[in-house]
Amino acid sequence: MTIRSEPIIIGFLCNGCSYTGADLAGVARLQYPPNLRPIRVMCSGMVHPNLVMEAFDQGADGVIIMGCHPGECRYIVGNEKALGRVEFLSLELEGLGIDPRRLALEWISSAEASVFAQVITHFTHQIQKLGPHNAAKHA
């Protein structure tokens with residue numbers, strides 16, 4: 001078994017805001033760790049808990065969900081739904097022996113490229129400090 005030196009982070013980014021913010025960060029050539037594997041979703045509220053658990057089961061070291069700021073969701077209450085799901089998942093992860101700090105929820109607007117880069121940098125460093133996630137022991 002090969003141990004990775006860098007963590008893999010799965011990111012679920014809402015199409016309207018955070019994915020556009022990530023795109024702007026790339027266009028602006030902002031520097032942030034290359035650990036994020038972005039998955040574009042229509043809304044952060046559409047990220048089902050099973051998707052998050054599957055990411056961990058498949059070996060992700062961290063999962064971050066990024067959505068529109070409260071009050072700015074194109075689906076009205078999608079980000080509120082995402083918040084409730086993350087709170088639920090944090091308890092579930094803890095019950096499974098997975099550090100809940102491996103899951104994060106952040107609000108990023110389409111114009112916040114620098115915030116996107118800072119959030120990814122901070123979350124990557126946090127996951128690096130936690131070390132690799134051993135999915136096999138939780139299966």
Taking all non-hydrogen atoms of both residues into account, name the closest pair between Pro33 and Ile120 and its distance. O-CG2, 4.1 Å
Any side-chain heavy-atom pair of Asn15 and Cys43 under 4.5 Å: no
Side chains of Gln31 and Thr121, heavy atoms from C-beta outward: is any pair under 4.5 Å? no
Decide whether Val52 and Val86 are clustered together by the hydrophobic rule: side chain heavy atoms of Ile, Leu, Val, Met, Phe, Trp, Tyr closer than 4.5 Å, transitively. yes
Run the side-chain contact (heavy atoms from CB on, under 4.5 Å) test on Ile8 and Asn35 for me, step by step, so that the C-alpha distance in whole Å, both residues' side-chain angles and the decisive distance to 0.1 Å come before the verdict. CA-CA 5 Å; Ile8 292 175; Asn35 306 77; over 6 Å; no
Same hydrophobic cluster for Phe12 and Met42, using side-chain heavy-atom links shorter than 4.5 Å among ILVMFWY? no
Where Ile10 and Ala55 come nearest, the two heavy atoms and their spacing: CG1-CB, 4.1 Å
To the nearest 0.5 angstrom, please state how far the CG atom of Leu24 sits from the CG atom of Leu30. 7.5 Å
Report the C-alpha distance between Arg102 and Val63 in whole Å, list the side-chain angles of each, state the deciding distance to 0.1 Å, and finish with yes or no for side-chain contact (heavy atoms from CB on, under 4.5 Å). CA-CA 6 Å; Arg102 293 187 179 279; Val63 175; over 6 Å; no
Within the supplied structure, the quantity of interest is the number of heavy atoms (other residues, nucleotides, ligands) at a distance under 6.0 Å from His48 NE2; does it exceed 12? yes
Contacts of Tyr32 meeting ring-ring contact (aromatic ring centres under 6.0 Å, His included) (sequence neighbours excluded), chain-then-number -> Phe116
Any idea which heavy atoms bring Pro70 and Trp107 closest together, and the distance? CD-CD1, 3.5 Å
Do Gln128 and Glu6 have side chains that get closer than 4.5 Å, going by heavy atoms? yes
Is there a side-chain contact (heavy atoms from CB on, under 4.5 Å) between Met46 and Tyr75? Walk through the geometry before answering. CA-CA 10 Å; Met46 295 178 183; Tyr75 294 89; 3.7 Å; yes
Is there a side-chain contact between Phe56 and His133 (heavy atoms, below 4.5 Å)? yes
Search all heavy atoms of Cys14 against all heavy atoms of Gly67 and return the closest pair with its distance. SG-CA, 3.8 Å
Is the CZ atom of Arg37 crowded by more than 12 outside heavy atoms at less than 6.0 Å? yes
Please report the closest heavy-atom contact between Pro100 and Ser90, naming both atoms and the distance. CB-O, 3.8 Å
If you round to the nearest 0.5 Å, how far is CD of Glu94 from CG of Leu96? 10.5 Å
Same apolar cluster (I L V M F W Y, side chains within < 4.5 Å links), Leu83/Leu13: no
CD1/Ile98 to CG/Leu89 distance, rounded to the nearest 0.5 angstrom? 10.0 Å
Dump the intermediate steps for side-chain contact (heavy atoms from CB on, under 4.5 Å) on Glu106 and Ile65, then the final yes or no. CA-CA 6 Å; Glu106 295 287 342; Ile65 300 170; over 6 Å; no
Taking the side chain as every heavy atom from C-beta outward, state whether Met66 and Val119 have any atom pair closer than 4.5 Å. yes
Donor-acceptor pair, distance only, cut-off 3.5 Å: does the side chain of Arg85 make one with the backbone of Val47? yes
Side chains of Leu93 and Met53 in contact at under 4.5 Å (non-hydrogen atoms): yes
Gap separating the CG atom of Leu105 from the OG atom of Ser44, nearest 0.5 angstrom: 6.5 Å
In the structure I gave you, are the side-chain heavy atoms of Ile64 and Leu36 within less than 4.5 Å of one another anywhere? yes
Heavy atoms of Pro7 and Ile127 approach each other most closely as CB-CG2, 3.6 Å
Which distance, rounded to the nearest 0.5 Å, do you find between the CD of Glu112 and the OG1 of Thr20? 12.0 Å
In this structure, NE2 of His69 is separated from SG of Cys17 (nearest 0.5 Å) by 7.5 Å
Check: Ile9 and Thr124 side chains under 4.5 Å, non-hydrogen atoms: yes
